[in-house]
Protein chains: 2
Amino acid sequence: MVVDQLSDAELDRLFQAFADTTRRDIMRRVAVGEYSVSGLASLYAMSFAAVQKHVAVLERASLVTKEKRGREQIVRGNHEGLQKARRLLDEYEAIWRQRAGRIADILAEE
Amino acid sequence: MVVDQLSDAELDRLFQAFADTTRRDIMRRVAVGEYSVSGLASLYAMSFAAVQKHVAVLERASLVTKEKRGREQIVRGNHEGLQKARRLLDEYEAIWRQRAGRIADILAEE
DNA sequence: CTGATCTACAACCATTTGGTTGTAGGATAT
DNA sequence: ATATCCTACAACCAAATGGTTGTAGATCAG
């Protein structure tokens with residue numbers, strides 16, 4: 001059963017967000033601890049604005065949320081987003097296994 | 001334990017490949033049955049060349065293989081590629097649960 | 001042999017992407 | 001009050017993306 005239906009555009013954004021090394025690294029970081037945008041920016045050899053854009057991409061993909069705290073913006077991982085991506089790949093995996101099962105049946109018939 | 005190490009570039013290609021509705025649809029199709037490139041092309045409202053490019057993207061991402069049969073090129077899903085993507089998301093999931101565990105520990109201490 | 005089919009690939013185009021610098025505004029510390 | 005820090009956002013640029021059309025090489029059917 002499909003629990004929640006994601007639109008094509010949402011899935012596009014989700015996987016697009018994962019398709020960049022810096023963004024995957026940010027995901028790993030914010031899964032473990034709390035980071036401000038500038039805190040994240042200090043970790044990479046690129047401008048603050050570039051990191052800011054990466055965070056924005058993750059945010060639009062619902063993989064991350066931002067919360068203002070004083071003058072900082074705290075970035076937090078959003079578990080739901082990650083689960084949605086995982087669920088889709090699980091679906092594909094299931095389709096695959098289903099076929100593998102059918103092939104086994106066909107071989108058994110012969 | 002990490003079974004096989006994927007380079008950043010490989011992961012970029014993997015997720016990039018999933019970040020398109022047409023390509024995800026192709027993946028679903030070839031997971032179930034056999035399709036030639038032109039067979040796939042007939043399914044979508046775009047040129048043959050466009051579909052050919054999509055298949056090429058999937059191929060470079062190791063999500064699909066092509067095999068020449070007569071004048072046709074048969075496209076087949078590659079289970080390994082799919083598993084690699086899934087495995088990465090599982091890793092993230094694990095990192096997440098680990099943190100959830102730590103938080104539970106911290107709460108238990110208080 | 002001829003014609004139709006399937007594929008590959010180049011050239012082109014508009015849009016998006018990933019990066020930059022620069023400007024401006026709100027929050028903090030001294 | 002002033003200087004500093006963090007953020008937002010615009011403008012710009014080069015490269016990649018997703019699409020097109022056109023050309024040409026194999027393979028198959030009649």
Side-chain angles (χ1 to χ4, degrees), chain A residues 7-30 33-77 85, chain B residues 7-30 33-77 85:
Chain A
S7 75
D8 286 338
E10 281 175 310
L11 287 172
D12 286 0
R13 269 179 262 130
L14 249 178
F15 286 107
Q16 180 64 37
F18 274 113
D20 179 279
T21 305
T22 303
R23 287 196 294 264
R24 284 195 302 276
D25 196 68
I26 291 176
M27 281 304 289
R28 252 183 257 111
R29 305 269 189 179
V30 301
E34 276 193 354
Y35 287 85
S36 67
V37 178
S38 60
L40 286 170
S42 71
L43 300 169
Y44 307 101
M46 66 184 72
S47 69
F48 172 82
V51 173
Q52 207 177 15
K53 280 193 187 182
H54 280 307
V55 172
V57 170
L58 291 169
E59 201 181 7
R60 265 185 301 130
S62 305
L63 281 169
V64 128
T65 60
K66 282 191 299 186
E67 188 191 345
K68 196 183 272 184
R69 198 165 67 191
R71 66 182 155 185
E72 292 185 330
Q73 198 81 255
I74 304 300
V75 181
R76 290 209 180 78
Chain B
S7 76
D8 286 339
E10 282 175 309
L11 288 172
D12 286 1
R13 269 180 263 129
L14 251 177
F15 287 106
Q16 180 63 38
F18 275 112
D20 181 278
T21 306
T22 303
R23 287 196 293 266
R24 284 194 302 276
D25 196 69
I26 292 177
M27 281 304 290
R28 251 183 256 113
R29 305 268 189 179
V30 301
E34 276 192 355
Y35 287 85
S36 67
V37 178
S38 59
L40 286 170
S42 70
L43 300 170
Y44 306 101
M46 67 183 73
S47 69
F48 172 82
V51 174
Q52 208 177 13
K53 280 192 187 182
H54 281 306
V55 172
V57 170
L58 291 170
E59 202 182 6
R60 266 185 299 131
S62 305
L63 282 169
V64 128
T65 60
K66 283 192 301 187
E67 187 191 344
K68 197 184 273 184
R69 199 165 66 191
R71 69 183 151 183
E72 291 185 331
Q73 198 83 254
I74 304 300
V75 181
R76 290 208 182 78

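So you know, we letter chains A, B, ... as the sequences are listed, proteins then strands, and number each from 1. Treat the numbers as computed from the prediction; the structure is a model and nothing was measured.
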Participant: Compare side-chain N and O positions of B:S38 against OP1 and OP2 of C:dT5 and report whether any pair is under 4.0 Å apart.
Facilitator: no
Participant: Can you work out whether A:S47 or B:I74 has the more 5'-proximal nearest nucleotide on DNA chain C?
Facilitator: B:I74
Participant: Tell me the interatomic distance from A:R71, atom CZ, to C:dT28, atom C1', rounded to whole angstroms.
Facilitator: 4 Å
Participant: Rounding to an integer number of Å, can you tell me how far A:I26 CD1 sits from C:dG18 P?
Facilitator: 12 Å
Participant: Hey, which sits more toward the 5' end of DNA chain D by its nearest nucleotide, B:A49 or B:Q16?
Facilitator: B:Q16
Participant: To 10°, what angle do the rotation axes through the five end pairs on each side of the helix from C:dC1-D:dG30 to C:dT30-D:dA1 form?
Facilitator: 20°
Participant: What integer distance in Å separates B:K53:NZ from C:dT15:P?
Facilitator: 16 Å
Participant: What is the separation between atom CD on A:Q52 and atom C1' on C:dG18, rounded to the nearest whole Å?
Facilitator: 14 Å
Participant: Using whole Å, what does the distance between atom C1' of nucleotide C:dA27 and atom NZ of A:K68 come to?
Facilitator: 9 Å
Participant: CZ of B:R13 versus C1' of C:dT17: gap in Å, rounded?
Facilitator: 18 Å
Participant: Taking the nucleotide of DNA chain C with the nearest heavy atom to each, does A:E72 or A:A45 sit closer to the 5' end?
Facilitator: A:A45
Participant: Of B:G70 and B:H54, whose nearest nucleotide on DNA chain D comes first from the 5' end?
Facilitator: B:H54
Participant: Can you give the first and last nucleotides of DNA chain D, 5' to 3', that have an atom under 4.0 Å from a heavy atom of chain B?
Facilitator: D:dG18 to D:dC28
Participant: Find the distance B:E67:CD to C:dA8:P and express it as a whole number of Å.
Facilitator: 13 Å
